[in-house]
Amino acid sequence: MTHTDITVLNYTVNADVYARYGADFDTEAVNDEILRILNAEAPAGVTIERNGRVIAEDSAIAAARSTDWAALLKRIDLDTILAEHGK
């Protein structure tokens, strides 16, 4: 089965976001949780890799291309994720 590159998502949380909260977080766990959520919400046959690459199986290319990735990222509850991964 072939895979097609669709886009690259910048899903990782920037250092300035952590600084605004004024606390210490397990940043790797935060990014892993965001990635887990993205993959759970992605259309069937679409995978977001750790490097942010979005790839689609042949049967999912149209769905991947029509997905509003920015909206999906905005729906993620970062406050809850950060609360779960504080040090």
Side-chain angles (χ1 to χ4, degrees):
M1 177 163 302
T2 61
H3 291 88
T4 300
D5 287 344
I6 303 301
T7 191
V8 176
L9 291 181
N10 183 10
Y11 70 90
T12 58
V13 178
N14 294 323
D16 62 325
V17 173
Y18 292 118
R20 276 188 257 140
Y21 282 86
D24 194 17
F25 299 95
D26 182 345
T27 58
E28 188 172 334
V30 169
N31 290 333
D32 287 347
E33 180 65 9
I34 293 169
L35 183 59
R36 184 197 66 74
I37 293 167
L38 288 170
N39 275 302
E41 295 292 323
V46 178
T47 302
I48 300 98
E49 296 180 333
R50 190 163 180 81
N51 63 2
R53 224 174 105 209
V54 178
I55 58 172
E57 296 174 3
D58 292 340
S59 61
I61 292 170
R65 287 187 175 149
S66 67
T67 297
D68 186 345
W69 296 105
L72 181 57
L73 284 166
K74 286 179 183 177
R75 287 197 313 258
I76 293 175
D77 185 354
L78 184 58
D79 289 336
T80 299
I81 294 170
L82 291 173
E84 293 171 354
H85 296 290
K87 288 185 177 180

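All heavy atoms count here, side chains included; hydrogens, waters and symmetry mates do not.
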Audit row: Val30, Tyr18, side chain to side chain contact (heavy atoms under 4.5 Å, CB included) steps and yes/no: CA-CA 11 Å; Val30 169; Tyr18 292 118; 3.5 Å; yes
As a quick check of understanding, evaluate side-chain hydrogen bond (donor to acceptor under 3.5 Å, both in side chains) for Asn31 and Thr12, giving each step before the final call. CA-CA 5 Å; Asn31 290 333; Thr12 58; 5.0 Å; no
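Looking at Ile6 and Thr67, their side chains never come closer than 4.5 Å, going by heavy atoms from C-beta outward. Using a 4.5 Å cut-off on side-chain heavy atoms (C-beta onward), Leu78 and Ile34 make contact. Taking the side chain as every heavy atom from C-beta outward, Arg50 and Tyr11 approach each other to under 4.5 Å. Annotation: side chain of Trp69 is in contact with side chain of Ile48 (closest heavy-atom distance under 4.5 Å).
Note that OG1 of Thr2 and CG of Asp58 are 3.0 Å apart. Values are rounded to the nearest 0.5 Å. Glu57 contributes atom CD, which lies 10.0 Å from atom OG1 of Thr4 (distance to the nearest 0.5 angstrom). Here His85 contributes atom NE2 and Thr80 contributes atom OG1; the two are 10.5 Å apart, rounded to the nearest 0.5 Å. Here Asp26 contributes atom CG and Leu82 contributes atom CG; the two are 11.0 Å apart, rounded to the nearest 0.5 Å. Between Arg36 atom CZ and Glu41 atom CD the span is 9.0 Å, to the nearest 0.5 Å. Rounded to the nearest 0.5 angstrom, Leu38 CG and Glu49 CD are separated by 13.0 Å.
Distance alone, capped at 3.5 Å, places no donor-acceptor pair between the Asn14 side chain and the Asp16 backbone.
In terms of heavy atoms, Ile76 sits closest to Ile37 at CG1-CG2, 4.0 Å. A pairwise comparison of heavy atoms in Ala64 and Ala56 identifies CB-CB, 3.9 Å as the closest pair.
A single hydrophobic cluster is seen to contain both Leu72 and Val54, as judged by linkage of ILVMFWY side chains at heavy-atom distances under 4.5 Å, directly or through other members. Under a hydrophobic clustering in which Ile, Leu, Val, Met, Phe, Trp and Tyr are joined whenever their side-chain heavy atoms come within less than 4.5 Å, directly or via other members, Val8 and Ile55 fall into different clusters. When hydrophobic clusters are built by joining Ile, Leu, Val, Met, Phe, Trp and Tyr residues whose side-chain heavy atoms come closer than 4.5 Å, directly or via intermediates, Ile81 is grouped together with Leu73.
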